[in-house]
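Just so we're clear, the structure is a prediction, and the values are computed from it rather than from any experiment. For the numbers below, each heavy atom of this structure counts, side chains included, while hydrogens, waters and symmetry mates do not.
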Amino acid sequence: YTILHRNYTLHWGEIDIIATKSDSLGNKQLIFVEVKARIGYLKGKPYEAITYAKRKHLMRSAQYFLKTHNYPDYSYRVDVISIVLSTTCTVLELKHYENIMV
């Protein structure tokens, strides 16, 4: 992964990470990443905070980015990174969910 932007701000919100990645066949992808973190499990797992409305917002943001930037040969996807921290802020669990829009 090559990170292009962190905390990319749009007038209606932000995209936490925008990155590129090429596979072994040379196919290029733009990856829009939402990062969710929680301390402990009391309020559920972080990825559970990605509601239908949030997914819709992420897709709209990704499409806007694609429309306003020149990446004609790239496919794109939306990923989620879910992080659970201890009360001392050490990482208890880190999961990367690829292509959540499927």
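Atoms CD1 and NE2, on I18 and H69 in that order, are 7.0 Å from each other to the nearest 0.5 Å. Note: I81 CD1 to K36 NZ = 13.0 Å, rounded to the nearest 0.5 Å. Between the CG atom in D79 and the CG atom in D16 there is a gap of 12.0 Å [rounded to 0.5 Å]. I15 CD1 to Y64 OH: the interatomic distance, rounded to the nearest 0.5 Å, is 10.5 Å. A distance of 14.5 Å separates OH of Y47 from CD1 of I83, quoted to the nearest 0.5 Å. If you take CD on E48 and OH on Y41, they are separated by 10.5 Å, rounding to the nearest 0.5 Å.
Y97 and L94 are not part of a single hydrophobic cluster, where members link through side-chain heavy atoms under 4.5 Å apart. V91 and V33 fall within the same hydrophobic cluster, where Ile, Leu, Val, Met, Phe, Trp and Tyr residues are linked whenever their side-chain heavy atoms come under 4.5 Å apart, directly or through other members. When the side chains of ILVMFWY residues are joined at heavy-atom separations under 4.5 Å, either directly or via intervening members, L10 and I3 end up in two distinct hydrophobic clusters.
The shortest distance between side-chain heavy atoms of V78 and R55 does not fall below 4.5 Å. In this structure, Y1 and I17 have side chains that are not in contact, with every pair of non-hydrogen atoms separated by 4.5 Å or more.
Minimum heavy-atom separation, I31 to T20: CD1-C, 4.3 Å. Taking both residues in full, the closest heavy atoms of S86 and I39 are given as O-CG2, 3.7 Å, listed atom of the first, atom of the second, then distance. Minimum interatomic distance between L30 and Y74 (heavy atoms only, all atoms of both residues): N-CD2, 3.8 Å.
Residue L25 qualifies as enclosed at atom CG: its count of foreign heavy atoms under 6.0 Å is above 12.
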Please walk me through it: do M59 and F32 pass side-chain contact (heavy atoms from CB on, under 4.5 Å)? CA-CA 9 Å; M59 184 57 73; F32 300 91; over 6 Å; no
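Ring planes of H5 and Y8: tilted class, angle from 30 to 60°.
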